[in-house]
Amino acid sequence: MSNLFRTFLFLILLWVMAYLFQYWLFQVKKIFAFYVVTIIFLAILDTFTRYDADSAIVRTMAIGLFMLGLLQMSRLKEREAVNVRAYWLLIFSAMVAIAVGIGLHAPKAEPQWPDPVPFIKSAAKEAVLGNSVRKIGYGIDDSRLGGTLVMDRTTVFTAQVNEEHYWRVESKDFYTGKGWEVSENIPPTFINKDDIYLGILENVDKEKNLTANVLFENAGFHPHIVYPVDPVSIKTAPYIELAIDRMTGKFFAAENGAVVQLGSYKVIYDLPRFSIEALKLANSGDHPYIKKLYTQLPPLLPDRVKELAANITKDKATRYEKVKAVENYFALNGFIYETRNIAIPSEDEDYVDQFLFETKKGYCDNFSSAMIVLLRSIDIPSRWVKGYTQGDLVKTLDNGKKLYKVTNANAHSWVEVYFPGIGWVPFEPTKGFRNPVTFTESTIPQMPQAGQNEELLNNQNDGKEKKENEQTKDIYQMNSGILKNFKQLMKNLGILICLAILLVVLAFKGRKKWYPYWYKISTRLNKNTVSPNHMFERLFLLLESKGLKVERGETLREFASRVDAYFGTSEMRQITDVYEKYLYAGSIRKIEDWEKVRKLLENLTKKILS
C-alpha cells in the first residue's frame, strides 16, 4: 500500500466523518448516539492500546455535554417557540464547567470488580495465534519455553505477611536445551505439617517464626501451595494431609487420598539473612550428588555459552563473586525485558544460546535459565525455581501486617545457587526485578553464649518495638497528609464553584450593559445566517436595554412611533411594517423586503449603540 493510497484513504475517511458530523449536528440535531460511540471508541483505545486517552475522554465529555445543551436549546426554540436568551449559554457553560471540575477532582473509588480485559485479550490472542502465545501464570509444563506471554491480572491469592518476599512453588533441575524438566520422578511423601524441615539452608542468620496468612481465590487448573523460602509449619484444617516432592520442593494437600487445592492456610516460616562474608568463604565441598545433578547441561550446548561464562567470571576469585558477576551481566549488556514476540528456538537451536547471542530480549524464564546455564558452565550448582513475586501491596493492616494481592501477572522464575555449608541461596537476574532476600556485610553469624541470650533478646525486642513505632508514625503521617490534601482539594473546589456562581450572577445582572456589544459582534459574524424571527427578537431586546419597552396595551405601530420619536428617525416604523407581514405570513417572501429590512436594522442598531 503506497503512501499516496494511504493519504487517499485518510481523506475519504475524513470526508465521511465530516459529513456524518455535519448531518447529525445541523440536520438531525441529535448527537447523543454519536457522542456515546466516541466515548466507547476512546475507552477501547485506552484499554487495548498504549494510547493514554484520559485527557481525550475528559475533553470529549465536556465538549459533548456542551453540544447536547446547545442542540436542546435549538430544538426548544424551533418546536416550542421558546425565546432562547443569549445569556443562557453562559449559564449552561458554567454548569458544564462545574460538572467537569467536580468529576475531575472528586475522590474516586477503587474498581469494584475484577478486570476482565486481561482474560479477553489473552483468549483472543490464543485463538488467533495458537500455541505461540501463552497466558502468564503457574503451569506444570516447562519443557518448551519461549513465545509471547500474555498478561493476566486475575487474582490468584492474597497474603498477610510481616515483610515482602517471593513465594516458592517448586524447582526443576534438568535443562533440555528447550526448557526445564525434573530428572527423577520421586513419589511425594507425607510429612508432619506442624514440623516441616526442607534442609534448604544451614548456618544462616534468620528472623524466626514469622507468619503468613494465605487465601487462595483462583489457583487455575493446577493445584499448588505457595510458601516462603524456609517454611517451619503449614497450618490447615485437621483433615487435610500434607505431602512433599523432595526433588522439587513442591507441596501437595490431600483429602481422603485425593489432591485438593487449599482455600486458605497459615505458614510459619523463618526469613533468612545471608552474610556476604560467609558466602565468600563457601567455595568448595559440594556434595557429589548435588554436583552431578545441578551442573547438568545438554551435550549439544554451543561452546560460545561456556566461553561467555568463563569471560564473565575470569577476574572473580570466590563463588559468590562469580554468581554476582553473572547476575549483573544482563543489566550491563543491553538485555531487554519483554513479553511480546519472544523467539522460540527451532529444533537445532538452544533456548539460552538464542537469548544470549541472538535476541537479547525476553522475560523471567529467559533471564533465569541463562544465568543457571552460565553458572553450570563453570561448575557452580544451581537450579531453576518458579513461583510468584511478592505481589502488589494493598494496605497495611491494624496489626502491622501488610496485605498483598498476588495475580497471575506475578508468576515468576528465578535462580537458587548452592553454597556448601549454607544451602540454596536465591538470586534475581531478571532485568527490572529486585531480589527481596537480604544480604548483609556483617561477619559470619555465631551462636550466642549463654550469658548473651537475655541481652540479645532485649536488643531484638527494642529494635522490633522501634520499627513498629516508626511504621505507626509513617502510617499516621500518610493518613494525615491524605486528609489534609482532601480538605484542601474540597476547599479549592468550593472556591471555584462560588466564583463560577458569582460570575453567572454578575453576568445576568449586568446583561443590559454587555448585551449591546454582544449583539453588535454577533450580528457582524452571523449576518447571513440569522433568521428574521431571531433578528427581530434581538432588536426588541436591544431596545429594552435602552429603556424602550413595549408597554401594556400599546400596539406595535404605537411603539414604533415612540422609538422613532426617541431616535429622530423613521426606520422603526418601516421595520414594523415588514415585521407585521412576517408575523401574519410566516415568512418574508420577497428577497428585496428582506434586504431592505436588514439595512434598516443595521442603521437602527448603530443609532441604538451610539
Side-chain angles (χ1 to χ4, degrees), residues 165-166 168 171-175 180 183 198-206 229-230 249 270-298 301 303-333 335 352 356 364 367-386 413-431 433-446:
H165 52 73
Y166 282 1
R168 201 179 191 277
S171 65
K172 293 187 177 182
D173 64 291
F174 192 84
Y175 176 65
W180 291 93
S183 59
L198 297 183
I200 295 178
L201 299 169
E202 301 289 346
N203 302 321
V204 176
D205 182 29
K206 300 177 182 179
V229 66
D230 196 12
D270 297 338
L271 194 64
R273 293 186 176 91
F274 297 100
S275 166
I276 295 177
E277 288 290 331
L279 292 174
K280 287 181 178 179
L281 294 176
N283 294 308
S284 60
D286 296 317
H287 192 280
Y289 176 78
I290 290 178
K291 187 80 170 182
K292 177 183 177 181
L293 198 65
Y294 294 105
T295 57
Q296 169 271 334
L297 289 172
L301 180 71
D303 291 336
R304 60 180 180 175
V305 176
K306 299 177 182 179
E307 292 171 0
L308 177 62
N311 289 332
I312 294 172
T313 60
K314 62 183 179 180
D315 298 327
K316 308 302 178 183
T318 66
R319 176 173 294 188
Y320 174 76
E321 291 172 329
K322 292 178 180 180
V323 172
K324 290 299 292 182
V326 174
E327 183 184 42
N328 296 330
Y329 172 76
F330 306 99
L332 303 175
N333 289 275
F335 287 82
V352 167
L356 289 175
C364 57
F367 285 89
S368 56
S369 299
M371 180 175 177
I372 295 169
V373 170
L374 289 172
L375 291 176
R376 291 185 175 187
S377 297
I378 53 176
D379 290 329
I380 296 179
S382 50
R383 63 188 180 186
W384 190 68
V385 187
K386 58 188 294 189
S413 61
W414 62 96
V415 178
E416 286 182 350
V417 181
Y418 184 76
F419 287 83
I422 296 176
W424 292 98
V425 181
F427 288 90
E428 178 56 272
T430 304
K431 193 171 183 179
F433 287 74
R434 181 184 62 84
N435 191 355
V437 175
T438 301
F439 293 88
T440 66
E441 295 288 348
S442 60
T443 58
I444 302 173
Q446 297 180 352

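Sequential numbering from 1 along the given sequence is applied to the chain's residues.
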Identified side-chain contact (heavy atoms from CB on, under 4.5 Å) partner of V425 from the options Y418, F419, Y320: F419
Considering only heavy atoms from C-beta outward, does the side chain of V385 approach that of P426 to under 4.5 Å? no
Is the closest side-chain heavy-atom distance between V415 and V323 below 4.5 Å? no
Can a donor-acceptor pair be found, under 3.5 Å and without considering hydrogens, that links the side chain of K431 to the backbone of F335? yes
When rounded to the nearest 0.5 angstrom, what is the spacing between CG in L375 and OG1 in T295? 11.5 Å
Ring centres under 6.0 Å, that's the criterion: do W180 and Y175 meet it? yes
Less than 4.0 angstrom from a charged side-chain N to a carboxylate O is my criterion; do E321 and K324 meet it? no
Counting C-beta onward and ignoring hydrogens, is there a side-chain heavy-atom pair between F330 and L356 closer than 4.5 Å? yes
Quick check for you: to the nearest 0.5 Å, what is the distance between L297 atom CG and D379 atom CG? 9.0 Å
Using side-chain heavy atoms (C-beta onward) and a distance below 4.5 Å, is W414 in contact with V437? no
Considering all heavy atoms of both residues, which atom of R376 and which atom of S382 are nearest to each other, and what is their separation? NH2-O, 2.8 Å
Could you report the tightest heavy-atom contact between P420 and A282, atom names first, then the distance? O-CB, 3.4 Å
In the structure I gave you, are the side-chain heavy atoms of E428 and R434 within less than 4.5 Å of one another anywhere? no
Would you give the length of the straight line joining atom CD of E277 to atom CG of L279, rounded to the nearest 0.5 angstrom? 9.5 Å
To the closest 0.5 Å, what do you measure between CG (D303) and CG (L308)? 12.5 Å
Within the structure provided, determine whether F433 and Y166 are in side-chain contact (heavy-atom separation under 4.5 Å). yes
Between A370 and V352, which heavy-atom pair has the shortest distance, and what is it? CA-CG1, 3.7 Å
Rounded to the nearest 0.5 Å, what's the gap from CG on N311 to NZ on K306? Could you check? 14.5 Å
Residues which pass side chain to side chain donor-acceptor pair (under 3.5 Å) with S183, listed by chain and number, not counting sequence neighbours: D173
Matching residue for Y294 among W424, Y289, F174 - test: ring pair (Phe, Tyr, Trp, His ring centres under 6.0 Å): W424
NZ of K206 to CG of D230: how many Å apart, nearest 0.5 Å? 3.5 Å
How close do K316 and A325 get, heavy atom to heavy atom, and via which atoms? CE-CB, 4.0 Å
Less than 6.0 Å separating the ring centroids of F439 and F427? yes
Among residues at least two apart in sequence or on other chains, which ones pass salt bridge (charged side-chain N to carboxylate O under 4.0 Å, His left out) with D286? K291, R319
Atom of S377, atom of V305 and distance for their closest heavy-atom approach: OG-CG1, 4.2 Å
